[in-house]
There are 2 protein chains.
Amino acid sequence: MVVDPARTYRYRAEERLRRTGARVTRPRIEVLAMLLAAPRALTHHEIERQVNRALGIDRVTIYRVLEWLTAHGLAHRISGDDRVWRFNAAEDERTHEHAHFKCNDCGEVICLDKAIAARSVPLPTGYRTQEIELTVKGLCADCVPARADRHRRQGPAQHRQ
Amino acid sequence: MVVDPARTYRYRAEERLRRTGARVTRPRIEVLAMLLAAPRALTHHEIERQVNRALGIDRVTIYRVLEWLTAHGLAHRISGDDRVWRFNAAEDERTHEHAHFKCNDCGEVICLDKAIAARSVPLPTGYRTQEIELTVKGLCADCVPARADRHRRQGPAQHRQ
DNA sequence: GCTCTTATGCAACATGGTTGCATTTGACCC
DNA sequence: GGGTCAAATGCAACCATGTTGCATAAGAGC
């Protein structure tokens, strides 16, 4: 039996939305489905390009949907050093460990959640830890081979947004 | 013997600038002196408020000076989740470990460099680590006691910028 | 299908940072 | 001390990312 993959993600998205008790709307379904389908964290831009073009959903709505999904634990937001937020579907509706990898060349961000035990870090007296965020930066599998080459000719790639 | 502390920092700043071999200018001296004097990372805003008001140095120049200091290893840039860059004087002109504490209440950022051994983190096949960035978030010594209290009355504080 | 709340779309705005270009200035040389 | 010239500065205009206010549309319970 052949299934349209996008449809499957939409269905899963709808289900999750329904569980929150809030309204299940087209923009929420589409954005969450896109996050569920993505193998890495997506920027507002990437989502807008697809969802706005296909369905004419407004960019402000997308911002608001992303904020709402984050607030309701269906997605989480990763802030990098390029001043662009990236979003993931929350794997299992509990908070995750905020461990990420970011490619210094193409800007790709992926989650590393597992494996990273958030150990305690010594702080000055009186300070209190609430969360620990670990970001590994480097080169992703696509950029490791491409890099030396590309740099010789034209400098680093534009980051995906 | 009594010494004007600001003058001392300016002197140290000048010395470091001179060692780079590049031009030693007023904006560079002032900005670097301010970073050297600060016990925590400063935002462009904080620097601008002081340096622009006192000396009329342009905000664009401050941006460029900060960029230049960073590129020359005299300062480093910390990017938080509020889309604001913060700057530290580089302690010893070698790269540091990028371990920071950020207060979730007032936004203060301090360096934790020591103590945090950058251990290796397992990545997917083909990925390569270049740097590891560790940010601990929580409450600073000033905000731990103030918080419960303030929250009851008026919500969290504005971050410093 | 009616009603009421909530979400959406649109336009205008805010913030943080960048670029282009004419003018000024630090540093080297005499 | 003064001349020279590349490099730094100041200014204005710009850009990217994200926000706000408000009128309209559309879920969901009945």
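All heavy atoms count here, side chains included; hydrogens, waters and symmetry mates do not. Numbers restart at 1 for each chain; the letters A, B, ... are given by sequence-line order, proteins then strands. Just so it is clear, the structure is predicted and the values come from calculations on it, not from any experiment.
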Taking C-beta and beyond as the side chain, do Glu133(B) and Lys137(A) meet within less than 4.5 Å on heavy atoms? yes
What is the distance from CG of Asp82(A) to C1' of dA16(D), rounded to the nearest Å? 11 Å
Whole-Å distance, Trp85(A) CH2 to dT15(C) P, equals 14 Å
Rounded to whole Å, CZ of Arg83(A) lies from P of dC15(D) at a distance of 16 Å
Leu134(B) versus His100(B): any side-chain heavy-atom pair under 4.5 Å? no
Identify each atom pair where a protein N or O and an N or O of nucleotides 7-13 of chain D are less than 3.5 Å apart, giving names and distance.
unit_1, atom_1, unit_2, atom_2, d
dA7(D), O4', Arg23(B), NH2, 3.2
dA7(D), N3, Arg23(B), NH1, 3.1
dA8(D), OP1, Arg28(B), NH1, 3.4
dA8(D), OP1, Arg28(B), NH2, 2.7
dA8(D), O5', Arg28(B), NH2, 3.4
dT9(D), OP1, Thr25(B), OG1, 2.7
dG10(D), OP2, Asp58(B), N, 3.3
dG10(D), OP2, Thr61(B), OG1, 2.7
dG10(D), N7, Arg64(B), NH2, 3.1
dG10(D), O6, Arg64(B), NH2, 2.6
dC11(D), N4, Arg64(B), NH2, 3.4

Rounded off to whole Å, could you give me the CG-to-C1' distance for the Leu17(A) and dT6(C) pair? 15 Å
Calculate the interatomic distance between Asn52(B) atom CG and dG17(C) atom P; express it in whole Å. 15 Å
The side-chain contact (heavy atoms from CB on, under 4.5 Å) partner of Ile78(B) among Val109(B), Thr135(B), Thr43(B), Ile110(B) is Val109(B)
Taking ring-ring contact (aromatic ring centres under 6.0 Å, His included) as the test, write out the residues that go with Phe101(A), two or more places apart. Tyr127(B)
By the salt bridge (Lys or Arg N to Asp or Glu O under 4.0 Å) test, which pairs, at least two apart or in different chains, include something from residues 46-70 of chain B? Arg40(B)-Glu46(B)
Taken in chain and number order and not counting sequence neighbours, the residues that satisfy side-chain hydrogen bond (donor to acceptor under 3.5 Å, both in side chains) with Arg26(A) are Glu30(A)
If you measure from CG on Leu123(B) to OG1 on Thr129(B), what distance do you get to the nearest 0.5 Å? 4.0 Å
Using 4.0 Å as the upper bound for N to carboxylate O, is an ion pair formed by Arg18(A) and Glu14(A)? yes
What is the distance, rounded to the nearest whole Å, between atom CD of Glu30(A) and atom P of dA26(D)? 16 Å
Estimate the overall bend of the helix from dG1(C)-dC30(D) to dC30(C)-dG1(D) from the end axes over five pairs each, rounded to 10 degrees. 40°
Does Tyr63(B) place a side-chain N or O at less than 4.0 Å from the phosphate oxygens OP1/OP2 of dG17(C)? yes
With sequence neighbours excluded, tell me which residues meet ring-ring contact (aromatic ring centres under 6.0 Å, His included) with Trp85(B). none
Whole-Å distance, Asp81(A) CG to dA16(D) C1', equals 16 Å
Using only side-chain N and O atoms of His45(B), determine if any of them is under 4.0 Å from OP1 or OP2 of dG16(C). yes
